[in-house]
Amino acid sequence: MMRHLLSTGDLTRDEATLVLDTAAELARVGDRSVKKLPTLRGRTVVNLFYEDSTRTRTSFELAAKRLSADVINFSAKGSSVSKGESLKDTALTLQAMGADGVVIRHSASGAAHRLANWVDGSVLNAGDGTHEHPTQALLDAFTMRSRLGRLEGLRVAIVGDILHSRVARSNVLLLNTLGAHVTLVAPPTLLPVSVHTWPCEVSYDLDDVLPKSDVVMLLRVQAERMTESYFPSVREYSRNYGLDGERLARMPQDAIVMHPGPMVRGVEISAEVADSPRCTVTEQVANGVSLRMAVLYLLLGGS
Amino acid sequence: MPDGARAVLDGPEINRALTRIAHEVLERTKGGRRVTLLGIPSRGVPLARRLAQRIERVEDLKVPTGSLDITMYRDDLRLAPARALGKTEIPTGGLDDRVVVLVDDVLFSGRTVRAALDALGDLGRPRAVQLAVLVDRGHRELPIRADYVGKNLPTSLRENVTVRLTETDGHDAVLLGPARPRPGATEGDE
(Lines give C-alpha, C1' and ligand atoms only; values in the text may rest on other atoms or scores of the structure.)
Protein backbone atom coordinates (compact mmCIF):
# COMPACT_ATOMS: atom_id res chain seq x y z
CA MET A 1 0.00 0.00 0.00
CA MET A 2 1.19 3.47 -0.77
CA ARG A 3 1.85 6.33 1.64
CA HIS A 4 -0.70 8.88 0.47
CA LEU A 5 -4.13 8.76 -1.12
CA LEU A 6 -4.13 11.61 -3.60
CA SER A 7 -5.80 10.20 -6.70
CA THR A 8 -7.73 7.04 -7.48
CA GLY A 9 -5.56 6.88 -10.60
CA ASP A 10 -2.64 5.85 -8.36
CA LEU A 11 -4.44 2.71 -7.15
CA THR A 12 -3.83 -0.64 -8.81
CA ARG A 13 -6.73 -3.03 -9.10
CA ASP A 14 -5.36 -5.13 -6.21
CA GLU A 15 -4.91 -2.09 -3.97
CA ALA A 16 -8.40 -0.80 -4.70
CA THR A 17 -9.88 -4.25 -4.03
CA LEU A 18 -7.93 -4.47 -0.75
CA VAL A 19 -9.46 -1.14 0.34
CA LEU A 20 -12.98 -2.37 -0.49
CA ASP A 21 -12.47 -5.75 1.22
CA THR A 22 -11.04 -4.07 4.32
CA ALA A 23 -14.01 -1.69 4.41
CA ALA A 24 -16.39 -4.66 4.20
CA GLU A 25 -14.82 -6.18 7.34
CA LEU A 26 -14.74 -2.85 9.17
CA ALA A 27 -18.40 -2.18 8.38
CA ARG A 28 -19.29 -4.67 11.13
CA VAL A 29 -17.63 -2.58 13.84
CA GLY A 30 -20.71 -0.33 13.74
CA ASP A 31 -22.89 -3.26 14.89
CA ARG A 32 -20.80 -4.24 17.90
CA SER A 33 -21.32 -3.34 21.54
CA VAL A 34 -18.02 -1.43 21.58
CA LYS A 35 -17.90 0.49 18.28
CA LYS A 36 -14.17 1.02 18.48
CA LEU A 37 -10.90 -0.67 17.54
CA PRO A 38 -7.57 0.07 19.24
CA THR A 39 -5.60 0.01 16.00
CA LEU A 40 -4.55 3.66 15.65
CA ARG A 41 -4.13 4.35 19.36
CA GLY A 42 -1.53 7.07 19.83
CA ARG A 43 -1.70 8.27 16.25
CA THR A 44 -2.86 11.77 15.36
CA VAL A 45 -5.05 12.60 12.39
CA VAL A 46 -5.53 16.22 11.37
CA ASN A 47 -8.61 17.28 9.42
CA LEU A 48 -7.44 20.32 7.46
CA PHE A 49 -10.47 21.83 5.76
CA TYR A 50 -10.15 24.95 3.63
CA GLU A 51 -13.63 24.47 2.21
CA ASP A 52 -16.91 24.00 4.03
CA SER A 53 -17.88 20.37 4.43
CA THR A 54 -20.03 18.63 6.97
CA ARG A 55 -20.40 15.19 5.47
CA THR A 56 -16.80 14.44 4.57
CA ARG A 57 -15.25 16.01 7.64
CA THR A 58 -17.52 14.29 10.16
CA SER A 59 -17.15 11.03 8.25
CA PHE A 60 -13.34 11.19 8.47
CA GLU A 61 -13.56 12.28 12.10
CA LEU A 62 -15.83 9.37 13.06
CA ALA A 63 -13.68 6.91 11.09
CA ALA A 64 -10.49 8.06 12.83
CA LYS A 65 -12.17 7.94 16.25
CA ARG A 66 -13.50 4.42 15.67
CA LEU A 67 -9.87 3.41 15.15
CA SER A 68 -8.88 5.20 18.40
CA ALA A 69 -6.78 7.89 16.70
CA ASP A 70 -6.62 11.39 18.16
CA VAL A 71 -8.37 13.83 15.83
CA ILE A 72 -7.69 17.53 15.42
CA ASN A 73 -10.07 19.59 13.32
CA PHE A 74 -8.48 22.54 11.62
CA SER A 75 -10.81 24.64 9.53
CA ALA A 76 -9.76 27.70 7.59
CA LYS A 77 -12.31 29.88 9.29
CA GLY A 78 -11.26 31.01 12.73
CA SER A 79 -7.69 29.73 12.42
CA SER A 80 -4.33 31.25 11.48
CA VAL A 81 -5.29 30.64 7.84
CA SER A 82 -7.79 33.48 8.00
CA LYS A 83 -4.91 35.66 9.19
CA GLY A 84 -3.03 35.02 5.96
CA GLU A 85 -0.89 31.95 6.69
CA SER A 86 0.14 29.98 3.58
CA LEU A 87 -0.66 26.31 3.05
CA LYS A 88 3.02 25.48 3.39
CA ASP A 89 3.38 27.23 6.75
CA THR A 90 0.23 25.55 8.04
CA ALA A 91 1.63 22.22 6.86
CA LEU A 92 4.92 22.80 8.67
CA THR A 93 2.99 23.70 11.83
CA LEU A 94 1.05 20.44 11.65
CA GLN A 95 4.29 18.60 10.96
CA ALA A 96 5.85 20.12 14.09
CA MET A 97 2.85 18.92 16.10
CA GLY A 98 3.51 15.38 14.94
CA ALA A 99 0.52 14.67 12.71
CA ASP A 100 0.65 11.09 11.41
CA GLY A 101 -2.04 11.73 8.83
CA VAL A 102 -3.45 14.87 7.27
CA VAL A 103 -6.88 14.86 5.63
CA ILE A 104 -7.08 17.89 3.38
CA ARG A 105 -9.92 19.58 1.54
CA HIS A 106 -8.92 22.62 -0.50
CA SER A 107 -10.46 24.73 -3.23
CA ALA A 108 -7.30 24.55 -5.34
CA SER A 109 -6.74 21.51 -7.54
CA GLY A 110 -3.41 19.93 -6.65
CA ALA A 111 -3.33 21.20 -3.05
CA ALA A 112 -3.08 17.65 -1.67
CA HIS A 113 -0.13 16.86 -3.96
CA ARG A 114 1.70 19.98 -2.79
CA LEU A 115 1.03 19.10 0.84
CA ALA A 116 2.38 15.56 0.33
CA ASN A 117 5.79 17.06 -0.51
CA TRP A 118 5.93 19.08 2.68
CA VAL A 119 4.90 16.67 5.44
CA ASP A 120 6.28 13.32 6.61
CA GLY A 121 2.89 11.83 7.44
CA SER A 122 0.29 10.41 5.07
CA VAL A 123 -1.84 12.83 3.10
CA LEU A 124 -5.45 11.93 2.30
CA ASN A 125 -7.10 14.00 -0.37
CA ALA A 126 -10.63 14.82 0.77
CA GLY A 127 -11.32 16.90 -2.32
CA ASP A 128 -9.03 19.33 -4.14
CA GLY A 129 -10.79 21.92 -6.29
CA THR A 130 -12.32 20.36 -9.38
CA HIS A 131 -9.67 17.63 -9.48
CA GLU A 132 -10.24 14.55 -7.29
CA HIS A 133 -12.12 13.17 -4.29
CA PRO A 134 -10.75 9.62 -3.97
CA THR A 135 -12.56 8.44 -0.83
CA GLN A 136 -15.91 9.43 -2.37
CA ALA A 137 -15.16 7.32 -5.45
CA LEU A 138 -14.07 4.40 -3.26
CA LEU A 139 -17.22 4.55 -1.16
CA ASP A 140 -19.29 4.76 -4.35
CA ALA A 141 -17.59 1.65 -5.72
CA PHE A 142 -18.10 -0.05 -2.34
CA THR A 143 -21.81 0.81 -2.42
CA MET A 144 -22.18 -0.51 -5.99
CA ARG A 145 -20.39 -3.72 -5.08
CA SER A 146 -22.52 -4.34 -1.99
CA ARG A 147 -25.80 -3.53 -3.79
CA LEU A 148 -25.12 -5.26 -7.10
CA GLY A 149 -22.56 -7.89 -6.06
CA ARG A 150 -19.90 -6.99 -8.60
CA LEU A 151 -18.04 -4.17 -10.34
CA GLU A 152 -16.58 -6.01 -13.33
CA GLY A 153 -18.68 -5.26 -16.40
CA LEU A 154 -21.05 -2.90 -14.55
CA ARG A 155 -22.44 -0.07 -16.70
CA VAL A 156 -22.31 3.23 -14.83
CA ALA A 157 -23.72 6.55 -16.06
CA ILE A 158 -22.42 9.69 -14.35
CA VAL A 159 -24.78 12.56 -15.10
CA GLY A 160 -24.53 16.30 -14.58
CA ASP A 161 -21.89 18.91 -13.90
CA ILE A 162 -18.80 16.90 -14.86
CA LEU A 163 -16.80 20.06 -15.52
CA HIS A 164 -16.72 21.17 -11.89
CA SER A 165 -16.84 17.69 -10.36
CA ARG A 166 -13.95 16.06 -8.53
CA VAL A 167 -16.21 13.10 -7.82
CA ALA A 168 -16.62 12.36 -11.54
CA ARG A 169 -12.90 12.23 -12.30
CA SER A 170 -12.10 10.04 -9.28
CA ASN A 171 -14.96 7.70 -10.16
CA VAL A 172 -14.01 7.38 -13.83
CA LEU A 173 -10.41 6.47 -12.98
CA LEU A 174 -11.34 4.03 -10.20
CA LEU A 175 -14.23 2.31 -11.97
CA ASN A 176 -12.09 1.87 -15.06
CA THR A 177 -9.39 0.19 -12.94
CA LEU A 178 -12.02 -2.08 -11.40
CA GLY A 179 -13.45 -3.16 -14.75
CA ALA A 180 -16.69 -1.16 -14.93
CA HIS A 181 -17.77 0.83 -18.01
CA VAL A 182 -18.48 4.50 -17.41
CA THR A 183 -20.50 6.85 -19.59
CA LEU A 184 -20.50 10.53 -18.75
CA VAL A 185 -23.73 12.33 -19.59
CA ALA A 186 -23.88 16.13 -19.63
CA PRO A 187 -24.53 19.10 -21.86
CA PRO A 188 -21.36 19.90 -23.86
CA THR A 189 -20.80 23.05 -21.79
CA LEU A 190 -20.49 21.01 -18.58
CA LEU A 191 -17.84 18.60 -19.87
CA PRO A 192 -14.12 19.31 -19.49
CA VAL A 193 -12.20 20.00 -22.71
CA SER A 194 -9.89 17.04 -22.09
CA VAL A 195 -12.70 14.55 -21.51
CA HIS A 196 -11.78 12.55 -24.65
CA THR A 197 -8.56 11.49 -22.86
CA TRP A 198 -10.53 9.95 -19.95
CA PRO A 199 -11.08 6.18 -19.97
CA CYS A 200 -14.85 6.44 -20.52
CA GLU A 201 -17.53 7.24 -23.04
CA VAL A 202 -19.40 10.51 -23.38
CA SER A 203 -23.00 11.19 -24.32
CA TYR A 204 -25.23 14.26 -24.43
CA ASP A 205 -28.43 12.21 -24.34
CA LEU A 206 -29.60 10.87 -20.97
CA ASP A 207 -32.61 9.00 -22.37
CA ASP A 208 -30.34 7.06 -24.70
CA VAL A 209 -27.97 5.98 -21.89
CA LEU A 210 -30.41 5.18 -19.06
CA PRO A 211 -31.88 1.89 -20.38
CA LYS A 212 -28.31 0.56 -20.76
CA SER A 213 -27.13 1.47 -17.24
CA ASP A 214 -26.93 -0.56 -14.02
CA VAL A 215 -26.02 2.51 -11.99
CA VAL A 216 -26.86 6.15 -12.53
CA MET A 217 -24.89 8.65 -10.48
CA LEU A 218 -26.26 12.17 -10.39
CA LEU A 219 -24.08 15.17 -9.69
CA ARG A 220 -25.15 18.51 -8.31
CA VAL A 221 -24.83 21.58 -10.52
CA GLN A 222 -22.10 23.43 -8.65
CA ALA A 223 -23.39 26.97 -8.98
CA GLU A 224 -20.77 28.25 -6.52
CA ARG A 225 -17.97 27.31 -8.92
CA MET A 226 -19.70 28.78 -11.98
CA THR A 227 -18.50 32.14 -13.20
CA GLU A 228 -20.59 32.17 -16.34
CA SER A 229 -23.77 30.67 -17.66
CA TYR A 230 -23.57 27.02 -18.77
CA PHE A 231 -27.20 26.32 -19.68
CA PRO A 232 -30.24 28.49 -20.50
CA SER A 233 -32.28 27.75 -17.37
CA VAL A 234 -32.43 25.41 -14.41
CA ARG A 235 -35.78 24.19 -15.69
CA GLU A 236 -34.34 23.24 -19.06
CA TYR A 237 -31.38 21.52 -17.40
CA SER A 238 -33.73 19.55 -15.20
CA ARG A 239 -35.89 18.55 -18.20
CA ASN A 240 -32.88 17.21 -20.11
CA TYR A 241 -30.61 15.86 -17.40
CA GLY A 242 -32.70 15.48 -14.24
CA LEU A 243 -33.82 12.04 -13.06
CA ASP A 244 -37.54 11.74 -12.34
CA GLY A 245 -39.79 8.74 -11.70
CA GLU A 246 -40.62 8.34 -15.37
CA ARG A 247 -36.98 8.12 -16.42
CA LEU A 248 -36.19 5.77 -13.51
CA ALA A 249 -38.94 3.43 -14.73
CA ARG A 250 -37.08 3.06 -18.03
CA MET A 251 -33.95 1.73 -16.32
CA PRO A 252 -33.28 -1.98 -15.68
CA GLN A 253 -35.27 -3.40 -12.72
CA ASP A 254 -32.36 -3.66 -10.30
CA ALA A 255 -30.56 -0.48 -11.37
CA ILE A 256 -29.62 1.88 -8.55
CA VAL A 257 -29.50 5.66 -8.23
CA MET A 258 -26.54 7.27 -6.51
CA HIS A 259 -25.70 10.80 -5.46
CA PRO A 260 -22.60 12.03 -3.59
CA GLY A 261 -24.68 14.71 -1.84
CA PRO A 262 -25.75 17.33 -1.17
CA MET A 263 -28.78 16.75 -3.39
CA VAL A 264 -30.81 19.56 -4.88
CA ARG A 265 -34.29 18.09 -5.21
CA GLY A 266 -36.11 19.28 -8.27
CA VAL A 267 -32.94 19.98 -10.25
CA GLU A 268 -30.79 16.88 -10.89
CA ILE A 269 -33.09 14.50 -8.95
CA SER A 270 -36.83 14.57 -8.29
CA ALA A 271 -38.10 14.13 -4.73
CA GLU A 272 -39.81 10.90 -5.82
CA VAL A 273 -36.52 9.36 -6.97
CA ALA A 274 -34.57 10.71 -3.99
CA ASP A 275 -36.95 8.96 -1.59
CA SER A 276 -37.15 5.71 -3.56
CA PRO A 277 -35.54 2.55 -2.09
CA ARG A 278 -33.41 2.35 -5.23
CA CYS A 279 -31.65 5.57 -4.24
CA THR A 280 -28.53 4.79 -2.16
CA VAL A 281 -27.73 8.25 -0.79
CA THR A 282 -27.95 7.40 2.93
CA GLU A 283 -26.25 4.05 2.34
CA GLN A 284 -23.38 5.92 0.71
CA VAL A 285 -23.01 8.07 3.82
CA ALA A 286 -22.95 5.01 6.11
CA ASN A 287 -20.48 3.22 3.84
CA GLY A 288 -18.31 6.35 3.83
CA VAL A 289 -17.36 5.79 7.47
CA SER A 290 -16.30 2.15 6.93
CA LEU A 291 -14.43 3.03 3.77
CA ARG A 292 -12.53 5.88 5.42
CA MET A 293 -11.67 3.58 8.34
CA ALA A 294 -10.20 1.16 5.80
CA VAL A 295 -8.12 3.89 4.13
CA LEU A 296 -6.89 5.27 7.47
CA TYR A 297 -5.98 1.76 8.63
CA LEU A 298 -4.15 0.86 5.44
CA LEU A 299 -2.21 4.15 5.31
CA LEU A 300 -1.48 4.68 9.01
CA GLY A 301 -1.84 1.23 10.59
CA GLY A 302 1.40 -0.32 9.36
CA SER A 303 5.06 0.64 9.54
CA MET B 1 7.25 -30.25 1.46
CA PRO B 2 9.69 -27.34 2.02
CA ASP B 3 13.43 -28.07 2.10
CA GLY B 4 14.57 -29.81 5.26
CA ALA B 5 11.08 -30.04 6.77
CA ARG B 6 9.73 -33.25 8.27
CA ALA B 7 6.19 -34.20 9.20
CA VAL B 8 5.59 -34.43 12.95
CA LEU B 9 1.85 -35.14 12.62
CA ASP B 10 0.14 -36.73 9.64
CA GLY B 11 -3.54 -36.61 8.66
CA PRO B 12 -4.85 -39.47 10.84
CA GLU B 13 -2.86 -38.20 13.84
CA ILE B 14 -4.38 -34.72 13.46
CA ASN B 15 -7.83 -36.33 13.32
CA ARG B 16 -7.22 -38.33 16.48
CA ALA B 17 -5.91 -35.26 18.31
CA LEU B 18 -9.02 -33.26 17.33
CA THR B 19 -11.34 -36.08 18.41
CA ARG B 20 -9.63 -36.18 21.80
CA ILE B 21 -9.88 -32.38 22.17
CA ALA B 22 -13.59 -32.53 21.31
CA HIS B 23 -14.12 -35.06 24.12
CA GLU B 24 -12.04 -32.98 26.53
CA VAL B 25 -14.07 -29.86 25.75
CA LEU B 26 -17.31 -31.75 26.47
CA GLU B 27 -15.88 -33.13 29.70
CA ARG B 28 -14.47 -29.86 30.99
CA THR B 29 -17.57 -27.85 30.12
CA LYS B 30 -19.98 -30.47 31.51
CA GLY B 31 -21.67 -31.34 28.24
CA GLY B 32 -20.82 -28.22 26.27
CA ARG B 33 -24.26 -26.56 26.47
CA ARG B 34 -22.79 -23.07 26.83
CA VAL B 35 -19.81 -23.54 24.51
CA THR B 36 -19.12 -21.25 21.54
CA LEU B 37 -16.14 -22.10 19.34
CA LEU B 38 -14.22 -19.22 17.77
CA GLY B 39 -11.44 -19.98 15.28
CA ILE B 40 -8.63 -17.50 14.77
CA PRO B 41 -7.99 -16.98 11.01
CA SER B 42 -6.73 -18.41 8.96
CA ARG B 43 -6.22 -22.04 10.09
CA GLY B 44 -7.99 -21.80 13.42
CA VAL B 45 -11.27 -21.40 11.53
CA PRO B 46 -11.38 -24.84 9.83
CA LEU B 47 -10.07 -26.41 13.05
CA ALA B 48 -12.97 -24.87 15.01
CA ARG B 49 -15.41 -26.24 12.40
CA ARG B 50 -13.91 -29.72 12.67
CA LEU B 51 -14.20 -29.61 16.47
CA ALA B 52 -17.85 -28.59 16.15
CA GLN B 53 -18.52 -31.55 13.82
CA ARG B 54 -16.92 -33.97 16.26
CA ILE B 55 -18.85 -32.57 19.21
CA GLU B 56 -22.06 -32.92 17.23
CA ARG B 57 -21.19 -36.54 16.39
CA VAL B 58 -20.42 -37.44 20.02
CA GLU B 59 -23.11 -35.55 21.89
CA ASP B 60 -25.64 -34.67 19.16
CA LEU B 61 -25.15 -31.04 20.13
CA LYS B 62 -24.90 -28.12 17.68
CA VAL B 63 -22.18 -25.81 18.99
CA PRO B 64 -22.27 -22.20 17.73
CA THR B 65 -19.07 -21.72 15.73
CA GLY B 66 -17.51 -18.58 14.29
CA SER B 67 -14.25 -16.79 13.66
CA LEU B 68 -12.38 -13.98 15.37
CA ASP B 69 -9.88 -11.93 13.39
CA ILE B 70 -7.29 -10.31 15.63
CA THR B 71 -5.38 -8.21 13.09
CA MET B 72 -6.62 -4.86 14.42
CA TYR B 73 -5.54 -5.87 17.96
CA ARG B 74 -1.99 -7.04 17.17
CA ASP B 75 0.86 -5.46 19.08
CA ASP B 76 3.22 -5.61 16.11
CA LEU B 77 1.15 -3.71 13.53
CA ARG B 78 3.79 -1.02 13.27
CA LEU B 79 6.55 -3.50 12.45
CA ALA B 80 5.15 -4.37 9.04
CA PRO B 81 3.01 -2.79 6.31
CA ALA B 82 -0.74 -2.86 7.02
CA ARG B 83 -2.13 -6.38 6.67
CA ALA B 84 -5.31 -7.54 4.99
CA LEU B 85 -8.04 -8.36 7.49
CA GLY B 86 -9.48 -11.81 8.12
CA LYS B 87 -13.14 -12.55 8.73
CA THR B 88 -14.84 -12.08 12.06
CA GLU B 89 -18.12 -14.00 12.32
CA ILE B 90 -19.77 -13.99 15.70
CA PRO B 91 -22.58 -16.60 15.88
CA THR B 92 -26.06 -15.19 16.40
CA GLY B 93 -26.82 -15.04 20.10
CA GLY B 94 -23.50 -13.31 20.78
CA LEU B 95 -20.85 -14.14 23.35
CA ASP B 96 -22.42 -12.87 26.58
CA ASP B 97 -22.43 -15.60 29.23
CA ARG B 98 -21.00 -18.21 26.80
CA VAL B 99 -17.94 -20.38 27.43
CA VAL B 100 -15.83 -19.24 24.48
CA VAL B 101 -13.22 -21.72 23.29
CA LEU B 102 -10.65 -19.97 21.10
CA VAL B 103 -9.15 -22.30 18.50
CA ASP B 104 -5.80 -21.77 16.77
CA ASP B 105 -3.32 -23.96 14.95
CA VAL B 106 -0.05 -23.16 16.77
CA LEU B 107 0.57 -21.64 20.19
CA PHE B 108 3.96 -19.91 20.24
CA SER B 109 4.67 -16.52 21.84
CA GLY B 110 1.09 -16.14 23.10
CA ARG B 111 0.72 -12.71 21.48
CA THR B 112 -2.07 -13.80 19.15
CA VAL B 113 -4.05 -15.07 22.12
CA ARG B 114 -3.44 -11.84 24.02
CA ALA B 115 -4.84 -9.93 21.03
CA ALA B 116 -7.81 -12.32 20.83
CA LEU B 117 -8.63 -11.71 24.52
CA ASP B 118 -8.64 -7.95 23.87
CA ALA B 119 -10.86 -8.41 20.82
CA LEU B 120 -13.30 -10.56 22.85
CA GLY B 121 -13.60 -7.80 25.46
CA ASP B 122 -14.99 -5.47 22.78
CA LEU B 123 -17.50 -8.04 21.53
CA GLY B 124 -19.20 -9.13 24.72
CA ARG B 125 -18.66 -10.66 28.14
CA PRO B 126 -18.15 -14.42 27.98
CA ARG B 127 -18.63 -16.47 31.17
CA ALA B 128 -15.18 -17.98 30.57
CA VAL B 129 -12.59 -18.12 27.82
CA GLN B 130 -10.59 -21.25 27.06
CA LEU B 131 -7.93 -22.01 24.47
CA ALA B 132 -7.55 -25.03 22.19
CA VAL B 133 -4.52 -25.43 19.91
CA LEU B 134 -3.39 -28.16 17.59
CA VAL B 135 0.30 -27.66 18.43
CA ASP B 136 1.98 -26.03 21.42
CA ARG B 137 5.55 -25.32 20.40
CA GLY B 138 6.61 -23.48 23.58
CA HIS B 139 8.61 -20.21 23.84
CA ARG B 140 5.87 -18.18 25.48
CA GLU B 141 6.47 -14.44 25.86
CA LEU B 142 3.32 -13.81 27.88
CA PRO B 143 1.64 -15.58 30.83
CA ILE B 144 -0.73 -17.58 28.63
CA ARG B 145 -1.40 -21.33 28.45
CA ALA B 146 -3.67 -23.61 26.46
CA ASP B 147 -6.55 -25.61 27.99
CA TYR B 148 -6.58 -28.20 25.20
CA VAL B 149 -3.45 -29.23 23.25
CA GLY B 150 -3.29 -31.57 20.27
CA LYS B 151 0.44 -32.11 20.57
CA ASN B 152 3.16 -30.59 22.71
CA LEU B 153 6.08 -30.06 20.35
CA PRO B 154 9.40 -29.04 21.90
CA THR B 155 11.10 -26.80 19.33
CA SER B 156 14.09 -24.56 18.97
CA LEU B 157 13.57 -20.89 18.06
CA ARG B 158 15.53 -21.64 14.91
CA GLU B 159 12.81 -24.04 13.79
CA ASN B 160 9.55 -23.32 12.06
CA VAL B 161 6.21 -25.07 12.59
CA THR B 162 3.80 -25.17 9.65
CA VAL B 163 0.28 -26.51 9.87
CA ARG B 164 -1.39 -27.59 6.64
CA LEU B 165 -5.08 -28.34 6.48
CA THR B 166 -7.19 -29.81 3.69
CA GLU B 167 -9.52 -26.80 3.73
CA THR B 168 -6.73 -24.26 3.17
CA ASP B 169 -3.80 -26.22 1.72
CA GLY B 170 -5.23 -29.39 0.15
CA HIS B 171 -3.87 -31.87 2.73
CA ASP B 172 -3.41 -32.34 6.49
CA ALA B 173 0.05 -32.25 8.08
CA VAL B 174 2.13 -30.55 10.74
CA LEU B 175 5.66 -29.86 9.50
CA LEU B 176 8.78 -28.96 11.45
CA GLY B 177 11.55 -27.32 9.45
CA PRO B 178 14.33 -24.74 9.54
CA ALA B 179 13.13 -21.18 10.15
CA ARG B 180 12.16 -19.01 7.22
CA PRO B 181 13.27 -15.42 7.50
CA ARG B 182 10.33 -13.61 9.07
CA PRO B 183 9.61 -9.97 9.94
CA GLY B 184 10.44 -9.71 13.65
CA ALA B 185 11.64 -12.84 15.46
CA THR B 186 8.75 -12.74 17.92
CA GLU B 187 6.07 -12.01 15.36
CA GLY B 188 3.15 -14.38 15.43
CA ASP B 189 2.07 -17.71 16.79
CA GLU B 190 1.47 -19.19 13.39
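Here is the naming used below: chain letters follow the sequence lines, and residue numbers restart at 1 for every chain. The structure presented is a predicted model; accordingly, all values stated were derived computationally and were not measured. Only heavy atoms go into these numbers, but all of them, side chains included; no hydrogens, no water, no symmetry mates.
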- Mind running salt bridge (charged side-chain N to carboxylate O under 4.0 Å, His left out) on B/Asp122 and A/Arg32 for me, showing each step along the way? CA-CA 8 Å; B/Asp122 287 351; A/Arg32 313 186 334 173; 3.8 Å; yes

How close do [X] and [Y] get, counting heavy atoms only, and between which atoms?
{"X": "A/Arg41", "Y": "B/Arg78", "answer": "O-NH2, 2.8 Å"}
{"X": "B/Met72", "Y": "A/Thr39", "answer": "O-OG1, 2.9 Å"}
{"X": "B/Gly124", "Y": "A/Ser33", "answer": "N-OG, 4.2 Å"}
{"X": "B/Ala82", "Y": "A/Tyr297", "answer": "CB-O, 3.8 Å"}

Check this for me: [X], atom [atom1], are more than 12 non-hydrogen atoms of other residues, nucleotides or ligands nearer than 6.0 Å?
{"X": "A/Arg150", "atom1": "CZ", "value": "yes"}
{"X": "A/Lys88", "atom1": "NZ", "value": "no"}
{"X": "A/Arg114", "atom1": "CZ", "value": "no"}
{"X": "A/Arg13", "atom1": "CZ", "value": "yes"}

- Message: Counting heavy-atom pairs under 4.5 Å with chain A, which one of B/Gly94, B/Ala84, B/Gly86, B/Gly121 comes out on top?
- Response: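 So the answer, after comparing B/Gly94, B/Ala84, B/Gly86, B/Gly121, is B/Gly86.
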
- Atom CG in A/Asp31, atom CD1 in B/Ile90: separation rounded to 0.5 Å?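 Going from the CG atom of A/Asp31 to the CD1 atom of B/Ile90 covers 11.5 Å.
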
- Message: Please report the interatomic distance CG(A/Leu37) to CG(B/Leu85), rounded to the nearest 0.5 Å.
- Response: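 One gets 9.0 Å once the value is rounded to the nearest 0.5 Å.
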
- Message: Does any backbone or side-chain atom of A/Lys36 lie under 4.5 Å from a heavy atom of chain B? Answer side chain, backbone, both or neither.
- Response: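 Answer is backbone: N, CA, C or O of A/Lys36 sit under 4.5 Å from chain B.
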
- With a 4.5 angstrom heavy-atom cut-off, which part of A/Leu300 approaches chain B: side chain, backbone, both or neither?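 Neither the backbone nor the side chain of A/Leu300 comes within 4.5 Å of chain B.
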
